[in-house]
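Not measured: the values here are computed from a predicted model. Just follow the structure's listing: the first ligand is 1, and inside any ligand the first atom is 1.
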Amino acid sequence: TDEELEIAFQNKVDAEQRIEPKDWMPDRYRQTLIRQMSQHAHSEIVGMLPEGNWLTRAPSLKRKAVLMAKIQDEGGHGLYLYSATETLGISRDEMYEQLHSGKAKYSSIFNYPTLTWADVGAIGWLVDGAAITNQIALCRCSYGPYARAMVKICKEESFHQRQGYEIMMTMAQGTAEQREMAQDALNRWWWPSLMMFGPNDTNSPQSAQSMKWKIKRQSNDELRQKFVDATVPQAKFLNLRIPDDDLVWNEERKAHDFGEIDWVEFKNVVKGNGLCNRERLKARVDAHDGGKWVRDAALAYANKQKLRAVD
Ligand code: FAQ
């Protein structure tokens, strides 16, 4: 019966055995993974846009080449994750449709504008830094294709994080004006980066079940804490100030206490009302529509080849 299958499934998960595409799985496990993995894929693809904004204005050829490589990596991660999600029985067209119609979520972080070159540094440092913290945990996710994808993706994100931190370092040690740009970027990206980890554990409807299924291995708040503790010394080294008056080392907890996230802003951005939500979605829809002739041509060519093969 389904109940017995589900017990056997949970035992397998508890024994740290990976679930593979052809294995039996509860439908809700499948749907949860489709939701999280497709949101993750969408985030990678939409995540190309804020940085893409600076490709034509990078301060040197070297910076431009590095940024181009990073953005291409993000595109690769997206495609990789779409493939992994397809193993669960949803088509790529369906996932695109969900993104383009505004039905599917993607990370709130990509709905903020990139105003200066320092933002490219802050994104690599903070956004990729937060992404790695979350994705290291996902390397041990119970679903095989997702966990394996995360291993390669984490390696690339580490390079992204370093290139961002290096930009911040250059600017923080530069002219007074460059320092100010670096500080301003940190001011604007700090809180949105903390929001990437999702709502507090007490407010996270998906967490309990996802933890039980070992899709999530660490809670939203645990990962957020880890990120704060890792990032504070990095900011100190840059001699930049994290914009949080409540940020203080707690000797008892051996961790930093920090201020409250503006959850009203978080909800607003997730709902579609952030500074750039409409612009981001429009860029994706336009790119998809603009690429229609390529897909049509590729399909026509494939059909022609098929007909030739029959002859
Ligand atoms: N933005 O119950 P929970 C990258 C949603 S890294 C938007 O806690 P869950 C690399 C959540 O989906 C960024 N929505 O949910 C890069 C859920 O929605 P529902 C991508 C958010 O799933 C760097 C609802 O709120 N990384 O792209 C956010 O257990 C630089 C309730 O929340 C991933 O996607 C948010 N910040 O935990 C690229 C990692 N937070 O139920 C370019 C994989 C929560 O309505 C440049 N995902 N929501 O569908 C996860 O680990 C989890 O899904 C969480 C949320 C931790 C994000």
_I'd like to know if the side chain of Thr85 pairs up with that of Arg92 as donor and acceptor (distance under 3.5 Å, no hydrogens or angles considered)._
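The answer is no; no qualifying pair exists.
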Report yes if some N/O of [X] lies less than 3.5 Å from some N/O of ligand 1; otherwise report no.
X      : answer
Tyr146 : no
Asn134 : yes
Ser108 : yes
Gln206 : yes
Met195 : yes
Ser204 : yes
Lys216 : yes

*Under 4.0 angstrom from atom 20 (C) of ligand 1, is there any protein heavy atom?*
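Looking at atom 20 (C) of ligand 1, one finds that a protein heavy atom does lie closer than 4.0 Å.
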*Can you find a protein heavy atom closer to atom 54 (C) of ligand 1 than 4.0 Å?*
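Protein heavy atom within 4.0 Å of atom 54 (C) of ligand 1: absent.
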Part of [X] with heavy atoms under 4.0 Å of ligand 1, whether side chain, backbone, both or neither:
X      : answer
Tyr106 : backbone
Gln218 : neither
Asn220 : side chain

_Can you classify the ring geometry of Phe266 versus Trp263 as parallel (below 30°), tilted (30 to 60°) or perpendicular (above 60°)?_
perpendicular
*Check the angle between the aromatic planes of Phe227 and Trp190 and answer parallel, tilted or perpendicular using the 30° and 60° thresholds.*
parallel
Could you name the option among [options] that has the heavy atom nearest to [atom]?
atom                    : options                        : value
atom 32 (O) of ligand 1 : Gly47, Ser107, Pro199, Gly198  : Pro199
atom 11 (C) of ligand 1 : Gln36, Arg35, Arg217           : Arg35
atom 5 (C) of ligand 1  : Gln135, Lys105, Lys267, Gln209 : Lys105

_Identity and separation of the nearest protein heavy atom to atom 12 (O) of ligand 1_ = Gln39 OE1, 2.7 Å
*Shortest protein contact, atom 10 (C) of ligand 1 (heavy atom only)*: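 Closest protein heavy atom to atom 10 (C) of ligand 1: Glu157 OE2, 3.4 Å.
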*With a 4.0 Å cut-off on heavy atoms, is Lys70 touching ligand 1?*
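Under 4.0 Å: yes for Lys70.
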